[in-house]
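Data first, discussion second: the structure below is written as structure tokens.
Just so it is clear, the values below take in all heavy atoms, side chains as well, and ignore hydrogens, waters and symmetry mates. Just so you know, ligand 1 is whichever comes first in the structure, and atom 1 is the first atom listed for that ligand. Start at 1 with the first residue, then count along the sequence.
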Amino acid sequence: MSDRTTFRSQITHLECSLSGETASHEFPHRLSPKNGKPYLARYDLTKAAETLTKDSLAGREPNMWRYREVMPVIDPSNIVTLGEGFTPLHVAGRLGPYLGMSSLLIKDEGVNPTGSFKARGLSAAVSKARELGQMKLTMPSAGNAAGAMSAYAAAAGIEAHVYMPSDAPMANQIECLAYGAVLNLVDGFITDAGRISGQAAEEHGLFDVSTLKEPYRVEGKKTMGYEIVEQLGFEIPDVVIYPTGGGTGIIGIWKALDEMEKLGWIGIERPRMICVQAEGCSPLVNAYKKGEEFADPFPNPATLAAGMRVPSAVGDFLVIRAVRESGGTALTVTDDQMIESVRDMARFEGIFPAPEGGATLSALQMLLDSGEVGKDERVVLLNTGSALKYLDVLGPVLGL
Ligand SMILES: *Cc1c(COP(=O)(O)O)cnc(C)c1O
């Protein structure tokens with residue numbers, strides 16, 4: 001644990017992701033008050049590069065806090081960790097050859113605490129909330145984020161309130177209760193839950209940690225980008241396929257690549273970022289295809305992949321920008337395709353992925369068929385969670 005005190009956060013300020021206007025990281029900010037867009041954390045990367053060197057990483061703790069200099073928490077005693085991050089990047093030794101590919105990799109986020117990569121975002125957000133004296137948190141969530149917030153809040157001794165659509169997977173409802181959160185079920189969509197959570201925040205002085213509406217969940221998720229590059233020996237893959245709800249992960253990985261270039265770890269080259277959404281909820285794919293910068297809300301969202309059931313995303317323009325600048329693309333897959341892919345990833349690799357993780361494999365197959373991804377390219381699929389959180393949804397459709 002010595003490295004947690006030796007290496008310091010080099011956070012300097014927050015910056016509005018649209019206008020560039022700045023704000024202090026020493027106060028609990030949410031969206032920019034001027035334009036309602038997300039703030040992103042900025043660091044003194046020249047200073048960070050002095051200690052955050054490729055060589056220094058070898059001796060650091062195997063979780064996402066190994067990148068301390070580019071994480072937002074200043075006093076290490078505020079870090080709330082359950083061992084999140086530094087997840088395996090598996091070579092898909094059977095699935096790759098089955099698809100005719102020479103270099104297929106799966107980043108398995110399902111092994112994170114609470115069974116999904118939401119652990120990364122909430123470890124960062126809850127830690128920073130504690131540092132800023134925010135001891136009552138609230139959040140709307142269709143699933144895994146609520147469980148992660150509840151777990152980290154429990155570990156920190158912080159109060160947690162959850163607003164969840166009543167059709168969220170059973171595991172997510174049960175885990176919140178087990179972690180001691182106040183669970184409020186909402187008859188409606190995630191946007192309705194968001195509105196009610198926002199009202200509760202105002203009325204009862206709760207801090208709303210909805211993704212990108214506070215600046216630090218994306219800092220947790222960006223560590224996936226650091227890890228992929230570190231695990232590839234400081235090389236970048238050709239393609240990263242990401243199952244997109246609000247898009248925090250895509251935004252985070254894209255931000256990490258930019259930071260790593262400034263740290264001198266990589267050059268100007270970038271992977272093509274592929275945004276996958278469900279056919280039944282694809283606001284970002286629609287906006288990308290229409291050539292737009294912002295996305296219209298998606299009416300009547302429907303998919304069994306609860307993490308991708310996000311009809312409107314506050315960081316829409318950041319996702320679309322990352323996809324375009326990277327030379328990537330955006331596409332949809334159906335629930336049936338996802339289920340088929342859940343089965344394939346499980347039987348070929350021994351990884352039982354969330355439907356969202358399955359979606360990345362479905363997308364890969366479509367992109368191989370269309371020739372947009374080559375069989376000899378190095379491709380990373382993000383399996384963002386474990387299927388074990390979706391047994392009530394998956395059991396019947398897998399025929400069990
Ligand atoms: C939340 C979630 C997603 C979507 O993540 P974003 O970064 O918000 O787009 C994907 N998969 C799983 C399992 C999730 O819980």
Do Glu109 and Thr87 have side-chain N/O donor and acceptor atoms under 3.5 Å apart? yes
Around atom 8 (O) of ligand 1, find the nearest protein heavy atom and jot down its residue, atom name and distance. Gly246 N, 3.2 Å
Separation of Phe234 CZ from Leu263 CG (nearest 0.5 Å): 10.5 Å
Of all the atoms in ligand 1, which lie at a distance below 4.0 Å from a heavy atom belonging to Gly249? 7 (O)
Nearest non-hydrogen protein atom, atom 11 (N) of ligand 1: Thr384 OG1, 2.7 Å
Geometric N/O contact Gly245 with ligand 1, under 3.5 angstrom: yes
Determine whether the side chains of Arg120 and Thr223 contain a donor N or O and an acceptor N or O closer than 3.5 Å. yes
N-O pairing of Glu69 and Lys47 below 4.0 Å: no
Could you list the atoms of ligand 1 found under 4.0 angstrom from a heavy atom of Tyr390? 13 (C)
Is ligand 1 less than 4.0 angstrom away from at least one heavy atom of Glu109? no
Inter-residue atom distance Trp65.CH2 - Ser9.OG, 0.5 Å rounding: 9.0 Å
Side chain or backbone, does Phe117 bring an N or O within less than 3.5 Å of an N or O on ligand 1? no
Would Lys118 count as a polar contact of ligand 1, with the cut-off being nitrogen or oxygen pairs under 3.5 Å? yes
Between Gly307, Gly110, Ala305, which one has a non-hydrogen atom sitting closest to atom 4 (C) of ligand 1? Gly307
At what distance, to the nearest 0.5 angstrom, does CG of Leu122 lie from OG of Ser127? 10.0 Å
Minimum heavy-atom separation for Asp108 to His90, with atom names? CB-CD2, 3.9 Å
For atom 7 (O) of ligand 1, the closest protein heavy atom turns out to be Tyr242 OH, 2.5 Å
When only distance counts, is Lys221 in polar contact with ligand 1, meaning an N/O pair under 3.5 Å? yes
List ligand 1 atoms under 4.0 Å from Gly247, heavy atoms only on the residue side. 6 (P), 7 (O), 8 (O), 9 (O)
Drop me the distance from Glu175's CD to Asn144's CG, to the nearest 0.5 angstrom. 6.5 Å
Is it true that, when you exclude Asp187 itself, more than 12 heavy atoms of the residues, nucleotides or ligands shown sit nearer than 6.0 Å to its CG? no
Charged N to carboxylate O below 4.0 Å: is that the case for Glu235 and Arg378? yes
In this structure, does ligand 1 have an atom that sits under 4.0 Å from one of the heavy atoms of Pro243? yes
Select one of side chain, backbone, both or neither to describe which atoms of Asn144 lie under 4.0 Å from any atom of ligand 1, heavy atoms only. side chain
With a cut-off of 4.0 Å, which atoms of ligand 1 are near a heavy atom of Thr244? 9 (O)
Is the closest heavy-atom distance from Thr211 to ligand 1 below 4.0 Å? no
